[in-house]
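Reviewing the structure listed below.
In the text below, chain A, chain B and the rest are named by the order of the sequence lines, each starting its count at 1. For the numbers below, each heavy atom of this structure counts, side chains included, while hydrogens, waters and symmetry mates do not.
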There are 2 protein chains.
Amino acid sequence: MTPMKGLTKMSVQRVSTAEHVRDHITTLILNGDLKPGTPLRENAIATTLGVSRNTVREAVLLLGQSRLIRHEMHHGSIVAEPTKDALINLYDARRGLEVGAVSLPADAEITAGIKSALDDLERAAEGGDDREIVAKDLAFHAATVRSFRSERIDAFYAQLAVELSFFLNALAASRLDYAEDETFLDEHRRIYEAIASEDRAGAARFVQEHIDETIRRLRARLDAVEG
Amino acid sequence: MTPMKGLTKMSVQRVSTAEHVRDHITTLILNGDLKPGTPLRENAIATTLGVSRNTVREAVLLLGQSRLIRHEMHHGSIVAEPTKDALINLYDARRGLEVGAVSLPADAEITAGIKSALDDLERAAEGGDDREIVAKDLAFHAATVRSFRSERIDAFYAQLAVELSFFLNALAASRLDYAEDETFLDEHRRIYEAIASEDRAGAARFVQEHIDETIRRLRARLDAVEG
DNA sequence: CGATGTTGGAACGTACAACAATGTGGGCAA
DNA sequence: TTGCCCACATTGTTGTACGTTCCAACATCG
């Protein structure tokens, strides 16, 4: 058949039960309703949600794509526990991507996106809502990553961001990061201005320092909690 | 318990049937035994491999993490077809990642790894085995990506490399890329030397040109095949 | 008393079978 | 050509059953 003109493609609903269950569990984990270490018992979930155990198994398998859960043979899955190593890994990836991103040339559109994200962040900072600030902070950094001009990399970064927000939430570290640090906004402004003035080496250095500083603070906090 | 001395850790089997099936299907796809567009019929696979349909479903779900198959509700899964868009997306990600990588400072260890990968590539080029050359080529680029110093990014890149080898194999384009291009090795040497001499801007430019050129060639080939 | 053998239960891994939901194609009439 | 109806194929989902693995508690023995 010849395709019909003037008809934009639409995506029909088509969401399987397993995907629904997966999304539900994901939400529970990200909200903190399911705390790290909680086992995901297939039977319990099945009877609670009124679906079959097989469907729950499929949902958990789908969830396994993210790193929000950990699975062991014959033991099932549990909500992932924020390890220091995992968190460092996450920040290593962030630092690599973001430093790499600001080392690349950025056109007007991408720079404008970063500027816009910075404005959002400043507005959120005035508001004082922690979750909002975290979201806008991550959005700012995601905007810088768009310099790669790759949907795949953006998707990868988004995945990291999800994990990150889960980790920070689980550690209840988000408040510490944003409320107590007066230089928080300045660091972001500095990064943006370096990008806008095409000072790529400077931008790279600022991003590196910004993330290193964040890692240092988190590491200290983790040592305090664990040790 | 006190851990026992002189006993090195071993990883016990712990591989589910579904994972076996997934790996089997993955191999078939990468080998080209299952051609793009081939539907993965659950019943057929189940009876052929002597496992239950549910296990096959789990295997296909696991496979869905990669982009080697495409799934549609009530239609099942088919072996992914190499779209021009998908290939461009893949190369966009590669270019972004690799240009970003060589824009970062590389220490002696990483530089040595790149040098070693280059030597492997040169040896493979002498041998003339196409598959070997493709593998060593990808290994070289993976070595540059290690500049990010992030396991996560390396894993992401490895995933891209798997898809890429599938695409190139499906398009039977690998020969064209490596056999007919005399400058192939020189381009890699140039990249390595720029990295070794810490000329990051030069390395970034060379990588960019190398990948742009590859994209241009692939695009031309695709146009010839499709049009 | 400590190390080892035994046992029962909980949860998962896998298989089989059945039904529901959905999409496909054929045939037929207006 | 269009609309309608109907069998057919395949996936989506459920239910059930059974074996396997692991754990914890208890029993046993030197």
Inset, instruction - Start with the C-alpha gap between L160(A) and F156(A), add the side-chain angles, then the distance that decides, and say whether side chain to side chain contact (heavy atoms under 4.5 Å, CB included) holds. - result: CA-CA 6 Å; L160(A) 296 180; F156(A) 176 57; 4.1 Å; yes

Legend entry - Letter per nucleotide, 5' to 3', of nucleotides 8-17 of chain D [B base touched, S only sugar-phosphate touched, - untouched; heavy atoms, 4.0 Å]: --SBBBBB-B

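Taking the side chain as every heavy atom from C-beta outward, L90(A) and R152(B) approach each other to under 4.5 Å.
Across every non-hydrogen atom of L138(A) and S165(A), the tightest pair is CD1-CB, 4.4 Å.
With respect to R149(A) and D92(B), no salt bridge is recorded, no charged nitrogen being found less than 4.0 Å from a carboxylate O.
Although no hydrogens or angles enter the test, the distance criterion places a donor-acceptor pair under 3.5 Å between the side chain of T47(A) and the main chain of N43(A).
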